Chemist: 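One structure, pasted below without further comment.
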Amino acid sequence: MKQEIIIGTRDSQLAMWQARWVLEKLQKLYPRKRFVLRGMKTRGDHILDVALAKIGDKGLFTKELELALSAREIDLAVHSMKDLPTRLPEGLIIGAFCQREYPGDVLISRYGHTLETLPPGARIGTSSLRRTAQLLHFRPDLNVTTIRGNLTTRLRKLEELNLDAIILAYAGIHRLGYDARITQLIPFDICLPAVGQGAIAIEIRANDPEMQELIRPLDDPASRTAITAERALMRKLEGGCQVPIGALGQIQHEQLLLEGAVASFDGCQLVRDSISGPPNQAEKLGEELAVRLIKLGAGEILKKARQEFDLE
C-alpha cells in the first residue's frame, strides 16, 4: 500500500483550492498517509490572448495532468468537472464525482444591476460562448466582451476594461470567498450551466484499484448521476465546453430531471427541452434528450458553430 499519494492539479488559485479541499478530506480519512500537491500549467493556462473556442477544447485544461497520471508521475488528478472532455484518454476514469456546489452562474455588476435592470447596450464580460449565447437570447441589446484569465484576473478586468458586469460560475466565486461581490444568481430559465459545472472530479488510472478504494468516500452518488446524464447529452451532441450547450441534471422526488439547451452564438436561435426518469438510467436519459434537441434544430446550430470556429 502506498504511503505517499501525489495529487496533480492546475496551479491556478481556484484549482489549488479544489485540490487542497480533496487533500484535506483524504488526510482526515487516512491520517497515516502523506498527501502531496503537484501543480502544473496546462495548454489553456499558457494561451490567454485567444478565444478558447479558436484553440480547440479537447483536454485544454486537463491533458498535461492526464499525461502525468498515465506516466505514473501522479496518483490522482483533480479537475473542475466542466473541464473534463466527455471522452477520456484510454486507461483513465473519473474515480470520484465530488459533491456538487450550486452549479449556476452569477452576475457581478459594478453598480448593483441585475440582468433585467442593466442599461441598454451594457458591456458584459465572459469567457464562455455558452453564456454569451444564452445571455444574448435573453437580452439581444447587450454588448458581450470576451475576457480570459483566472477568476481573480477576470474580477480585475471588470474595472480595468470599464465593463458594466461580468458573468462567472458561482462555485469558483464561493470557494475563493468572493460571495459579497455577487449581484445576482442568474436563474436557470435564463442560462443553464456548463456540463458538470460546480463539481470537482478526481481522475485516476482505470487499473489502480488502490486509488479507487482510497477516494471512494469522496464520491457523491447524486452528483455522479446528474453529471453522468449531462455528459451523455454532451457526448451525443458531440459538443465541448467551447460550443454553446447548457445542461443541468437534478434529482427531484427520486427522479432525475435533465434540462438541456443549445443556442447560436448571437442568441437568435435557441432550442431547449427537458426529460425525466429513473436515476439509474442517467446515461440513457442524456442521450434521449440530445436526440430530442437535435430534432428541434440543435444539430444545425452546432454545425454552424463549429464551422465558424473551424472545429470540424
Side-chain angles (χ1 to χ4, degrees), residues 5-28 35-52 55 57 59-69 73-84 96-110 125-128 130-131 145-161 163 165-183 185-186 193-194 196-203 218 241-242:
I5 312 297
I6 302 175
I7 301 172
T9 175
R10 289 171 62 196
D11 63 3
S12 73
Q13 185 182 7
L14 178 58
M16 292 297 285
W17 185 99
Q18 294 175 163
R20 280 194 296 270
W21 181 89
V22 169
L23 183 151
E24 288 167 6
K25 294 286 185 185
L26 292 174
Q27 193 70 74
K28 285 181 181 178
F35 295 91
V36 179
L37 287 188
R38 180 174 297 174
M40 57 186 73
K41 292 267 190 247
T42 65
R43 187 174 177 227
D45 295 311
H46 288 293
I47 306 173
L48 295 176
D49 57 349
V50 180
L52 291 175
I55 307 170
D57 64 350
L60 192 58
F61 293 107
T62 61
K63 186 176 181 181
E64 286 78 5
L65 291 163
E66 290 174 330
L67 288 171
L69 189 57
E73 295 169 6
I74 59 176
D75 299 297
L76 312 169
V78 176
H79 308 283
S80 292
M81 183 72 74
K82 68 178 182 178
D83 289 340
L84 269 178
F97 292 64
C98 300
Q99 185 171 18
R100 191 179 207 174
E101 185 53 84
Y102 174 76
D105 292 317
V106 298
L107 185 78
I108 297 179
S109 165
R110 291 176 72 189
T126 177
S127 61
S128 164
R130 169 191 60 82
R131 291 173 182 143
T145 298
T146 299
I147 55 171
R148 288 285 317 280
N150 61 33
L151 188 148
T152 50
T153 298
R154 281 181 276 170
L155 284 170
R156 192 176 68 245
K157 286 184 177 180
L158 174 63
E159 309 289 339
E160 291 178 351
L161 300 179
L163 301 173
I166 57 175
I167 298 178
L168 297 167
Y170 170 84
I173 289 289
H174 177 66
R175 286 167 180 159
L176 293 187
Y178 291 109
D179 297 67
R181 300 287 303 271
I182 296 172
T183 309
L185 292 176
I186 299 175
Q197 184 164 299
I200 297 170
I202 306 178
E203 193 175 18
L218 299 190
C241 62
Q242 302 320 320

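Given the structure is predicted, the values throughout are model-derived calculations rather than measurements.
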Chemist: Does Arg175 have any salt bridge (Lys or Arg N to Asp or Glu O under 4.0 Å) partners at least two apart in sequence or in another chain, and if so, which?
Modeler: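 So Arg175 forms no salt bridge (Lys or Arg N to Asp or Glu O under 4.0 Å) with any residue.
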
Chemist: Do Thr9 and Gln18 have a side chain donor and acceptor closer than 3.5 Å?
Modeler: no

Chemist: Report the distance from atom CD1 of Ile182 to atom CD1 of Ile108, rounding to the nearest 0.5 Å.
Modeler: 6.5 Å

Chemist: Under the salt bridge (Lys or Arg N to Asp or Glu O under 4.0 Å) rule, what pairs show up with a residue in residues 14-28, not counting sequence neighbours?
Modeler: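 Every pair satisfying salt bridge (Lys or Arg N to Asp or Glu O under 4.0 Å) with a residue in residues 14-28: there are none.
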
Chemist: What residues form a side-chain contact (heavy atoms from CB on, under 4.5 Å) with Ala169, not counting sequence neighbours?
Modeler: Lys82, Asp105, Arg131, Gln197

Chemist: Under the salt bridge (Lys or Arg N to Asp or Glu O under 4.0 Å) test, which residues partner Arg181, sequence neighbours left out?
Modeler: none

Chemist: Go through the structure and list residues passing side-chain contact (heavy atoms from CB on, under 4.5 Å) with Ala165, not counting sequence neighbours.
Modeler: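 By the side-chain contact (heavy atoms from CB on, under 4.5 Å) rule, Ala165 matches Leu107, Ser109, Leu118, Ile124.
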
Chemist: Output all residues satisfying side-chain hydrogen bond (donor to acceptor under 3.5 Å, both in side chains) with Thr152, sequence neighbours left out; order by chain, then residue number.
Modeler: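 side-chain hydrogen bond (donor to acceptor under 3.5 Å, both in side chains) list for Thr152, sorted by chain: Asn150.
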
Chemist: Can you name the residues that form a ring pair (Phe, Tyr, Trp, His ring centres under 6.0 Å) with Phe35, not counting sequence neighbours?
Modeler: none

Chemist: If I take atom CG from residue Leu163 and atom CZ from residue Arg154, how far apart are they, to the nearest 0.5 angstrom?
Modeler: 12.5 Å

Chemist: Rounded to the nearest 0.5 Å, what separation is found between the NZ atom of Lys63 and the CG atom of Asp83?
Modeler: 15.5 Å

Chemist: Report the residues that fulfil ring pair (Phe, Tyr, Trp, His ring centres under 6.0 Å) with Tyr178, sequence neighbours left out, ordered by chain and then residue number.
Modeler: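 Scan of Tyr178 (ring pair (Phe, Tyr, Trp, His ring centres under 6.0 Å), adjacent residues dropped) gives none.
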
Chemist: Report the residues that fulfil salt bridge (Lys or Arg N to Asp or Glu O under 4.0 Å) with Arg38, sequence neighbours left out, ordered by chain and then residue number.
Modeler: none

Chemist: Working to the nearest 0.5 Å, report the span between CD1 of Ile147 and CG of Leu158.
Modeler: 8.0 Å

Chemist: For the CD1 atom of Ile74 and the CD atom of Glu64, what is their distance to the nearest 0.5 Å?
Modeler: 11.0 Å

